[in-house]
*Asks:* 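Before I ask anything, here is the structure I am working with.
Whatever order the structure lists them in is the order used to number ligands and atoms, beginning at 1.
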Amino acid sequence: MDYFVDVILPVPIQNLFTYSINKDEALFLKKGMRVTVPFGKSKVYTSIVYGIHTQKPGAYQTKEIEQILDETPIVTEIQINHWKWIASYYMCTLGEVMKAALSRAFLLESETVISLNSPFEADSIDLSDDEHLVVEALSLQKQLRIQEIQSVLNSKTILPLLHRLIEKKVITAKEEAIEQYKPKTVKYVSLIPKYNSEQGLKSLLEELSNAGKQREVILNYFQLKSQTGKNISLKELQEKSNVSKAVIKSLIDKEILELNEIQKDRVQFYGDINSDQTQLSKHQQAAFDEIKKSFETHEITLLHGVTSSGKTEIYVKLIEEVLAAGKQVLFMLPEIALTTQLIGRMQRYFGEKVAVYHSKYSINERIEVWHNLLNNQSKFQIILGARSSMFLPFQNLGLLIIDEEHEPSYKQYHPAPRYHARDAAIVLSGFHKAKVLLGSATPALETFYNAQEKKYGLVTLTQRYADVKLPDIELINLRENYQKRKMKGHFSDQLLEAIQHTIDKNEQVLIFQNRRGFSPTIECMTCGHSPHCPNCDVTLTYHQSKNQLRCHYCGYHRVMEPSCAACGSNQIDTKGLGTEQIETELKALFPDKTITRMDQDTTRGKHAFEKLIEGLEQGETAIMVGTQMLTKGLDFRNVSLVGVMNADNLFNHPDFRALERSFQLLLQFAGRAGRTEKQGKVIIQTYNPQHPILQKVVQHDYIGMYQSQLEERFQFKYPPYYRMIKIIVKDRKFNKMEAASKWLGLSLKNVFKENVLGPEQPPVGRIRNEYISHILLKIPKNQSLVKSKEILKKIENAFFAVKEFRSVKLTIDVDNF
Ligand code: ADP
Ligand code: ZN
Ligand code: ZN
C-alpha cells in the first residue's frame with residue numbers, strides 16, 4: 001500500500017500539499033509534527049503534518065518528504081482546528097495562519113536568514129562536524145540565507161541540522177523588520193545552598209574568621225535576606241557591606257556565593273508574591289461575585305467598569321481561582337509595549353508563573369514559552385500578551401481575559417490572516433471550554449450589543465476605586481475664544497490657567513493632540529501649492545526637529561525647502577496642528593518646566609517609551625504632550641489635569657465608527673486624570689461644543705452614546721446589524737486598477753445587489769505607487785455568512801481567471817472594522 005502525508009506549507013497556496021511516505025513514517029508521523037519537504041524547483045520548507053492517508057492525489061506526482069523533525073507534535077490538535085477556523089472565517093490560507101502562529105524559528109525555509117546567537121561560547125556545546133561547518137561559515141559571514149548554507153555544506157537536507165542548532169541556542173533565525181530586543185539584566189548573588197542551614201552557616205563563619213571583610217559580606221547577606229525575603233542584587237550587597245567588588249568576587253571564586261544574571265523585565269521573577277495584600281473593595285467584591293455567577297450561565301461576560309474602577313484587581317482574583325484549579329490563563333492586552341505597568345503588577349502577584357509573550361522578545365525566549373506551555377509545565381501558567389499570544393499551544397486553558405477589549409489594535413490589518421484577536425481568541429476558548437472575560441470602560445459597540453442581547457453576560461462597575469470621583473470634563477468653545485482673543489497660540493486662556501494652577505501644585509498635566517509632526521501640512525501663500533508625497537496621494541507632514549517633510553504612509557522624506565517648489569515664493573504657511581508644535585508652544589509658555597512628547601517619533605528607540613513613562617512616574621515631567629499612545633491604560637498617580645487640543649479632528653473621519661471611537665478615546669483619555677483622592681479635571685477644546693458626542697463625553701454617558709450610535713448603525717446598515725467584508729483592489733497602473741475594480745463591483749452586484757458599495761477610491765487613493773480602490777460588501781443578518789463567502793470566493797477565482805487581472809493585488813478583509 002502507498003502512504004501519503006498532507007502538510008501545511010508556508011507558501012501562498014490554497015490547499016494542503018501531499019507527499020509520499022513509507023509505512024514506518026506513516027506509523028510514526030502525527031498531526032502537528034514538522035517535516036521538511038521539497039517544493040517547487042529547488043526550494044525546501046519546514047511544514048506541519050496535517051494528516052496521513054493512503055489516497056494518491058490525482059492532480060500531481062507526489063515527491064517524498066525530506067526528513068521528520070519532531071518526535072512529538074509541536075502544535076496541538078486544538079491549534080490546528082483553531083487555524084482552520086481562522087482560515088475559513090477570515091478567508092485566507094492555512095499556510096498564512098500557520099505563518100502568523102509559528103515563530104520563524106520553527107519554520108525554516110530556503111529564504112530564511114540565519115545568524116549566530118550572541119553571546120555564544122562554541123567550546124561549551126557539543127557540535128557535530130557539519131554543525132561546526134555552519135558555525136564557522138556564520139562567524140565569517142555574520143548572516144547567511146539557508147540556500148547559501150546548503151551550498152557551503154553541499155547538502156540539501158540541512159533544515160533538520162539548523163533546527164537542532166536553534167534548539168541548542170547556537171543560531172537564530174532572523175525575523176525581518178523586528179528589532180532585536182536586548183533586555184536589561186541585573187546581577188544577583190545567592191549563597192550556595194549547602195551553607196543555607198544553620199550548621200552550614202556556622203561552619204562557614206568559622207571558615208571565614210580570618211577574612212573579616214568576607215565575613216561581613218555574609219552577615220550582611222543574611223540581614224538583607226531576612227529583611228526583604230527577596231533575591232539580593234550584587235549592587236545592593238556591595239553597598240550594604242561597603243566593600244570593593246573584589247571582596248565579593250573572592251567569595252564567588254571560593255564557591256561560597258554564586259552569581260546569576262536575571263533579565264529585569266523577563267519572564268522569571270524572583271520577588272515577593274503578595275497577592276493577599278490587596279482586599280477587594282465592596283464594589284469590586286460585588287462585581288467579582290457577579291462575574292462568577294454570570295459564568296454559570298454565560299461562557300463570555302463583559303465587565304463594563306469605568307476607568308480606574310480597579311478592574312485589574314478583579315482579574316487577579318479570578319486568575320488566582322483558575323490557577324488553583326490547575327488551569328492556564330491567557331491575559332490579552334492591546335499593546336504590550338504600552339503596559340509595562342500592568343506587567344509589573346501581574347509579576348508582583350504571580351511571580352514566575354507569568355510569562356510575557358511579545359514580538360520584542362528574542363526568538364529563543366519565545367520558543368521557551370512555547371515549549372513550556374506545550375508540555376504544560378508549572379512555570380508559565382499565565383500568559384500576558386498582545387494579539388499573537390492566542391497562537392500559543394495552550395493545553396488546558398481555563399480563562400481568557402481581554403483587557404481594553406474595544407481597542408482597535410486587536411485587529412490585524414496586514415498581512416493575512418486579517419483577524420480580530422478578541423473574536424478569534426473567543427473561538428479558541430470555545431475549543432478549550434474556557435471562560436472569557438472582556439473588560440473595558442468603553443466597550444466596543446458590538447460587544448455591548450451582544451451583552452444587551454444576552455449573548456454575553458454583563459457586569460457593571462460604576463464606582464472608581466476608593467470612591468475617587470470621575471473627572472470633571474469641561475468643553476471650551478474655540479470659536480468664541482478666538483473671537484474674544486482669549487487665545488495664546490493654540491491654547492485657550494482657560495486651559496493655560498488650568499495648566500498653571502496644576503503645575504503650581506506640583507501636579508502633572510497630559511495634553512492630547514491626535515496628529516504627530518509639527519504642522520501637518522505646508523501651503524504656499526502665493527500659489528497655494530502644498531508639497532505631496534511622490535509615492536502616495538497625501539500631502540507631506542512638516543517635522544520641525546529634523547526640518548523634514550515626511551509621508552506618514554510610506555516613510556518618504558526630504559529636507560524642507562525655505563521656498564515654494566512650484567513658484568519660488570518664500571511665503572510659506574503651516575496648516576493644522578501636530579504634537580511637535582504643541583510641545584514647542586508649551587516650552588515657550590513654561591520655559592522652566594520639563595515638557596516631554598510621546599508619539600511614534602519619540603518612542604522609536606529601544607527604551608524610549610519606558611524612559612518617558614519613568615519621567616512621569618518619578619515626577620520629573622511636568623507636562624507631557626502625546627497622540628493616541630497617551631490614552632492607553634496608563635496609571636499615573638499625580639496627573640490631575642488632562643487637556644485635549646482639538647476634539648473636532650477626531651470626528652471628521654470617513655468611517656462609520658468615527659463617533660464611537662472619538663467617544664472611547666476622549667473618555668479613556670479623561671480617565672487618566674485624577675486617579676487618586678482628588679477629582680481630576682479635563683478640558684476639551686472644540687469648535688462644536690454642542691456636538692452630541694461631546695455632550696455624552698461630558699456626562700460620562702456610555703449608554704447614551706451606545707443608543708444613539710446603535711440607531712445610526714441600524715439606519716445605515718452597519719454592524720452589529722450587518723456584517724461587512726471589504727475588498728481592496730491595488731495595482732500600479734491606474735487603468736488596470738479601475739477596470740479590475742469595476743469588473744469585481746459588477747460581478748458582486750449581480751449577486752448581492754444593493755448590499756455592495758463601491759468601487760470607490762479611498763481618501764488616500766495611492767500608497768507606495770499603487771492605486772487603490774475599495775468595495776464594501778454588506779451581509780444582512782438573515783443571509784448566510786458561509787454561503788456569501790463561498791460566492792465571494794467563486795467570484796475571486798473567476799476574477800483571476802481573467803488574464804489581464806492576474807497581476808492585480810486583491811485583499812479580502814472580513815470584519816474590516
Ligand atoms: P482600571 O483598570 O479599572 O482602570 P485599575 O485596576 O488600574 O483600574 O485600578 C485603579 C487604581 O486603584 C490602581 O492604582 C490600583 O492599584 C488601585 N486599586 C484598585 N483596586 C484596589 C484594591 N482592592 N486595593 C488597593 N488598590 C486598588
Ligand atoms: Zn508657490
Ligand atoms: Zn508616501
*Asks:* Write out the residue and atom name of the closest protein heavy atom to atom 15 (C) of ligand 1, then the distance separating them to 0.1 Å.
*Replies:* Arg345 NH2, 3.5 Å

*Asks:* May I ask you to establish whether Lys311 and Tyr315 are in a cation-pi arrangement, using a distance under 6.0 Å from NZ or CZ to the six-membered ring centre and at most 45° from the ring axis?
*Replies:* no

*Asks:* Give me the nearest non-hydrogen protein atom to atom 4 (O) of ligand 1 as residue plus atom name, then the distance to 0.1 Å.
*Replies:* Ser308 N, 2.6 Å

*Asks:* Looking only at the side chains, is there a donor atom on one of Gln664 and Thr442 sitting less than 3.5 Å from an acceptor on the other?
*Replies:* no

*Asks:* Tell me the protein heavy atom at minimum distance from atom 20 (N) of ligand 1, and give that distance in Å.
*Replies:* Gln284 NE2, 2.8 Å

*Asks:* Run the ring-centre check on Tyr456 versus His298 and record whether the distance is less than 6.0 Å.
*Replies:* no

*Asks:* Looking at Glu313 and Arg345, is there a salt bridge between them, counting it only when a charged N and a carboxylate O are closer than 4.0 Å?
*Replies:* yes

*Asks:* Can you tell me if Arg464 has a non-hydrogen atom under 4.0 Å from ligand 1?
*Replies:* no

*Asks:* Which protein non-hydrogen atom lies closest to atom 13 (C) of ligand 1, naming both residue and atom, and how far is it?
*Replies:* Asp635 OD2, 3.3 Å

*Asks:* Name the closest protein heavy atom to atom 17 (C) of ligand 1, giving the residue it belongs to and the distance to 0.1 Å.
*Replies:* Tyr465 CD2, 3.8 Å

*Asks:* Which residue and atom name correspond to the protein heavy atom nearest atom 9 (O) of ligand 1, and how close is it?
*Replies:* Gly310 CA, 3.4 Å

*Asks:* For atom 6 (O) of ligand 1, what is the nearest protein heavy atom, given as residue, atom name and distance?
*Replies:* Thr312 OG1, 2.8 Å

*Asks:* Heavy atoms only: give me the nearest Leu458-Glu290 pair and the separation to one decimal.
*Replies:* O-OE1, 4.4 Å

*Asks:* If you measure from NE2 on His557 to NE2 on His543, what distance do you get to the nearest 0.5 Å?
*Replies:* 10.5 Å

*Asks:* Tell me, yes or no, whether the heavy-atom count around Phe295 atom CZ, taken from other residues, nucleotides or ligands under 6.0 Å, exceeds 12.
*Replies:* yes

*Asks:* Looking only at heavy atoms, which two atoms of Met737 and Ser773 are closest? And how far apart?
*Replies:* SD-CB, 3.3 Å

*Asks:* Of all the atoms in ligand 1, which lie at a distance below 4.0 Å from a heavy atom belonging to Gln279?
*Replies:* 22 (C), 23 (N), 24 (N)

*Asks:* Show, in sequence, the C-alpha distance, side-chain angles and deciding distance for Phe350 and Leu323, and conclude whether the side-chain contact (heavy atoms from CB on, under 4.5 Å) test is met.
*Replies:* CA-CA 10 Å; Phe350 296 110; Leu323 289 188; 3.9 Å; yes

*Asks:* Any nitrogen or oxygen of Thr307, side chain or backbone, less than 3.5 Å from one on ligand 1?
*Replies:* no

*Asks:* Taking the six-membered ring for Trp and the single ring otherwise, decide whether the centroids of Tyr357 and Phe380 are under 6.0 Å apart.
*Replies:* no

*Asks:* To which protein heavy atom is atom 7 (O) of ligand 1 closest, and what is the distance rounded to 0.1 Å?
*Replies:* Arg675 NH2, 3.2 Å

*Asks:* Tell me whether ligand 1 is touched by Ser309 - counting only heavy atoms on the residue side and a distance under 4.0 Å.
*Replies:* yes

*Asks:* Run the numbers for me: atoms of ligand 1, each under 4.0 Å from some heavy atom of Arg637, listed by number.
*Replies:* 13 (C), 14 (O)

*Asks:* Parallel under 30°, tilted from 30 to 60°, perpendicular over 60°: which one fits the rings of Phe669 and Phe512?
*Replies:* tilted

*Asks:* For His532, I'd like to know if atom NE2 has over 12 heavy atoms of other residues, nucleotides or ligands within 6.0 Å.
*Replies:* yes

*Asks:* Anything protein N, O or S sitting under 2.8 Å from the Zn ion (ligand 3): count it and give me the total.
*Replies:* 4

